[in-house]
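Starting from 1, each residue takes its place in the sequence as its number. Because only heavy atoms are used, hydrogens play no part in the values below, and waters and symmetry mates are left out as well, while side chains stay in.
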Amino acid sequence: MEDVENKLKDYEIVREGEAEIIINKKIAANEVFYNPVQVHNRDMSVALLRTFIAKREEEHKAMMDKRDKAHNKVSQSKSSGPNGENGSTGQHDEMDVDAEKETNKVADETEDLSTEATKTPSRKVARELKAPVVLEALAASGLRSIRYAREIDVLEKVVALDIDKACIEACKRNIKFNGASAMSKIEPHLTDARVYMLTHPKEFDVVDIDPYGAPSIFLDSAVQAVADGGLLMCTATDMAVLCGPNGEVCHSKYGHYYRYGSYPTKGKYNHEMALRILLASIESHANRYKRYIVPVLSVSMDFYIRVFVRVFTSANEVKKTPQKLSYVYQCVGCDSFHLQCLGRTITKNNSVKNAPAIGPVVPQECSACGKKFTIGGPIWSAPIHDQEWVVSTLTEVKSMKDRYPAYDKITSVLTTISEELHDIPLFFSLHNICANVKCTSPSAVLFRSAVLNAGYRISSTHVNPLGLKTDAPWDVIWDIMRCWVKNHPVKEQPHDSVGTAILSKSPKLEANFSRAAAALSRAQAKKVKRFLPNPERHWGPKIRAGRKITSKHASLLGPDVVNRVINGAASTEDEKVAEPNNPTTETGGDATNEEDEPSTKRQKNGDVGLATEP
């Protein structure tokens, strides 16, 4: 017992959900990445994984019922013929053929609904659905894998990968620390996640990618490792690339697609655009293997984005991808933006054909302010959430409140998402469009009422507390603002300003600001908290594992923590200098300069940062 205590004296126990891990008390060590902020990410992942398992079982049951019904119909048609006679009528033969065709058709249509359906012929689908297998590509401390194994009983196993030896040693130590329930399910491997996923195609029902930075280098192998109908969970923390002014980094480098293959535009919607850029990138990787994605949940939280998509295989569905992608035309003067879809369908004689879209959707100059447009994209312009999944996940989370450490945060996010207009890409800020015309802002309730009274839909967005989604065209939005300014006059503006250009036109719509019943959502009416503040200071990203903590990391860790680490390191150096083997003199010793010390920063593999989040 004393030996165990001595081994653990340099470690502290961290509990999250039903998992416990041990981490080094010395912050300066920074050997294995652990960020307590990611509890939101892990809680959301556990909740979505539970929903996926429930939906998977429902789909398998529906497939079995449909197949049994088809087989019963075939049996009935055969039994209706003459008993013991070979000469059945032509009508009976035709019925048998039709029933057999229907059976095969049913089996083919439902083939993608189960993992087993991809491994066996459609007429020999296993009646018992196998337990799901989860792959965590970047395990780090193993906390996420341990939570999956301990909190979701029906999992067959969890494969935890990491390329860093220190991470795998910590992962194995934490798995052992959590006892038999974790040891029996989790398989840690020291390997490159990309190679492992490429050599295990369609073997995992769930693949979880949560890297430190961009996930782009893992996407190609990840879309191949997911089984048909499986769930791919992906995080991106490189928001400076997805939302920043240097769009060329996001789109291309050295003549090839370096990260995402899309160009971001400048707008208040940039975090939602980041979600849609990531989805478009995943879809692009999947299409190369005749696969496509169906997003079930996409969230922007804290300092990162995370998407949950299902992956299916169908060459016909891949042909429809251009209809799910769009370019964005953003006015450089006002906040107006327009989307240009890449594809369309043509229906002729009961046949549907895919064709390029007709454009452009905008003139050379903005119709509102007369300025030019910048072009961004392509982005995913189809829905980024599945309403049924969102509601099911929210209901499940509320029924298991005690099992989610970040219950308040994830319920607030899911509640806001459940009230979004899912078929409307991007959003605008009410304060920004008011700034365009230099007027005082109407309350959100009044503006939403005006849009609703004009016959359009409007909702909030989980990305930005001031963001609004609506299907109203920009002509209507600016007419509402013109009517507002007419009742709330503004100071005279320069003749060449954006506000002057917008207000110089007479409104074609007479806005009605009478309060509409649906101006407040149900959550707002019940005063449900939808946007929570950070629980503590410096609630954000942490430094990459292996990097030496210096004064420049004060914004991430806090000045107190940084000073404690630096002073602790200085004290250690002083002790070493004072030893007999290292004598010092007043005239100047051979003390080592901190800048001359070898860096403890982990080496990168090319442009790949493989330090990972748990």
Side-chain angles (χ1 to χ4, degrees), residues 266-273 300 328-331 333-339 366-369 371 412-413 415-491 493 497-531:
K266 186 178 179 181
K268 281 294 180 182
Y269 51 70
N270 57 2
H271 282 79
E272 182 180 331
M273 189 174 189
S300 173
V328 181
Y329 289 88
Q330 174 64 58
C331 177
C334 62
D335 271 34
S336 303
F337 62 85
H338 307 269
L339 271 69
C366 177
S367 59
C369 68
K371 301 294 183 180
S412 66
V413 172
T415 299
T416 311
I417 291 175
S418 68
E419 297 178 343
E420 281 187 13
L421 291 176
H422 293 234
D423 57 336
I424 305 298
L426 307 182
F427 62 89
F428 63 89
S429 169
L430 178 57
H431 287 193
N432 269 47
I433 63 174
C434 290
N436 290 154
V437 295
K438 301 293 189 282
C439 73
T440 58
S441 175
S443 68
V445 174
L446 286 180
F447 185 85
R448 290 169 66 134
S449 297
V451 174
L452 292 168
N453 292 332
Y456 299 95
R457 299 176 297 152
I458 190 169
S459 76
S460 58
T461 171
H462 81 281
V463 177
N464 190 323
L466 301 175
L468 294 172
K469 284 177 171 284
T470 180
D471 59 351
W474 277 99
D475 290 343
V476 172
I477 294 172
W478 290 125
D479 277 351
I480 292 174
M481 294 309 302
R482 293 182 184 110
C483 293
W484 174 260
V485 171
K486 189 180 293 185
N487 298 327
H488 303 78
V490 298
K491 294 180 180 180
Q493 303 177 38
S497 68
V498 171
T500 299
I502 294 173
L503 297 177
S504 63
K505 300 176 182 179
S506 299
K508 298 178 181 179
L509 169 74
E510 190 61 35
N512 178 9
F513 290 97
S514 300
R515 181 161 178 166
L520 284 178
S521 66
R522 284 178 294 178
Q524 289 175 310
K526 295 179 181 178
K527 296 184 178 180
V528 176
K529 294 181 179 179
R530 298 176 302 137
F531 297 94

**OP:** Report the distance from atom CE of Met273 to atom CZ of Phe337, rounding to the nearest 0.5 Å.
**Re:** 10.5 Å
**OP:** Provide the closest heavy-atom pair for Leu430 versus Pro442 in the form atom of the first, atom of the second, distance.
**Re:** CD2-O, 3.4 Å
**OP:** Write down the atom of Pro473, the atom of Tyr456, and the distance for their closest heavy-atom approach.
**Re:** CD-CE2, 3.6 Å
**OP:** Indicate yes or no: at least one non-hydrogen side-chain atom of Ser460 is less than 4.5 angstrom from one of Thr416.
**Re:** yes
Subject >> Sub-4.5 Å side-chain heavy-atom contact between Ile480 and Phe513 >> reply: yes
Subject >> Lys529, NZ: over 12 other non-hydrogen atoms inside 6.0 angstrom >> reply: no
Subject >> Non-hydrogen side-chain atoms of Thr461 and Leu468 separated by less than 4.5 Å >> reply: no
Subject >> Working for side chain to side chain contact (heavy atoms under 4.5 Å, CB included), residues Tyr269 and Asn464 >> reply: CA-CA 8 Å; Tyr269 51 70; Asn464 190 323; over 6 Å; no
Subject >> Lys469 bridged to Glu419 by N-O distance under 4.0 Å >> reply: no
Subject >> Between Ser367 and Trp474, a side-chain donor and acceptor under 3.5 Å >> reply: no
Original post:
Going by atom types only, do Ser497 and Thr500 share a side-chain donor-acceptor pair under 3.5 Å?
Top reply: yes
Original post:
Hey, does the side chain of Asn512 reach the backbone of Ala450 with a donor-acceptor pair shorter than 3.5 angstrom?
Top reply: no
Original post:
Looking at Asp471 and Arg457, does any basic side-chain N land under 4.0 Å from a carboxylate oxygen?
Top reply: yes
Subject >> Where Ala501 and Ser504 come nearest, the two heavy atoms and their spacing >> reply: O-OG, 2.8 Å
Original post:
Can you tell if the side chain of Leu503 reaches within under 4.5 Å of the side chain of Val490, non-hydrogen atoms only?
Top reply: yes
**OP:** Could you tell me the separation between the NE2 atom of His431 and the OG1 atom of Thr440, rounded to the nearest 0.5 Å?
**Re:** 10.5 Å
Original post:
Are the side chain of His422 and the backbone of Ile417 linked by a donor-acceptor contact shorter than 3.5 Å?
Top reply: yes
**OP:** Please step through side chain to side chain contact (heavy atoms under 4.5 Å, CB included) for the pair Val445 and Leu520, ending with a clear verdict.
**Re:** CA-CA 7 Å; Val445 174; Leu520 284 178; 3.8 Å; yes
**OP:** Output the distance between atom NE2 (His488) and atom OG (Ser441), rounded to the nearest 0.5 Å.
**Re:** 10.5 Å
Original post:
What distance separates Phe427 CZ from Glu272 CD, expressed to the nearest 0.5 Å?
Top reply: 6.0 Å
Original post:
Which atom names give the shortest non-hydrogen contact between Leu421 and Ser459, and what distance separates them?
Top reply: N-OG, 3.0 Å
Original post:
Is there side-chain contact between Met481 and Ile502, with at least one heavy-atom pair below 4.5 Å?
Top reply: no
Original post:
Side chains of Pro425 and Leu339: closer than 4.5 Å at any heavy-atom pair?
Top reply: yes
**OP:** Please step through side chain to side chain contact (heavy atoms under 4.5 Å, CB included) for the pair Ile424 and Thr470, ending with a clear verdict.
**Re:** CA-CA 7 Å; Ile424 305 298; Thr470 180; 6.0 Å; no
Original post:
Does the gap between the ring centers of Phe447 and Trp484 come in under 6.0 Å?
Top reply: no
Original post:
After noting the C-alpha distance and the side-chain angles of Ser300 and His462, does the key distance pass the side chain to side chain contact (heavy atoms under 4.5 Å, CB included) rule?
Top reply: CA-CA 8 Å; Ser300 173; His462 81 281; 4.1 Å; yes
Original post:
Looking only at heavy atoms, which two atoms of Lys486 and Pro507 are closest? And how far apart?
Top reply: NZ-CG, 4.0 Å
Original post:
Any donor-acceptor pair under 3.5 Å linking the side chain of Gln330 with the backbone of Gly267?
Top reply: no
**OP:** Over all heavy atoms of both residues, which pair between Arg448 and Ser521 is shortest? Give the atoms and the distance, please.
**Re:** NH2-N, 4.2 Å
Original post:
Would a distance-only check, ignoring hydrogens and angles, find a side-chain to backbone donor-acceptor pair under 3.5 Å from Asn436 to Asp335?
Top reply: yes
Subject >> Beyond-backbone contact of Ser449 with Ser514, side-chain heavy atoms, under 4.5 angstrom >> reply: no
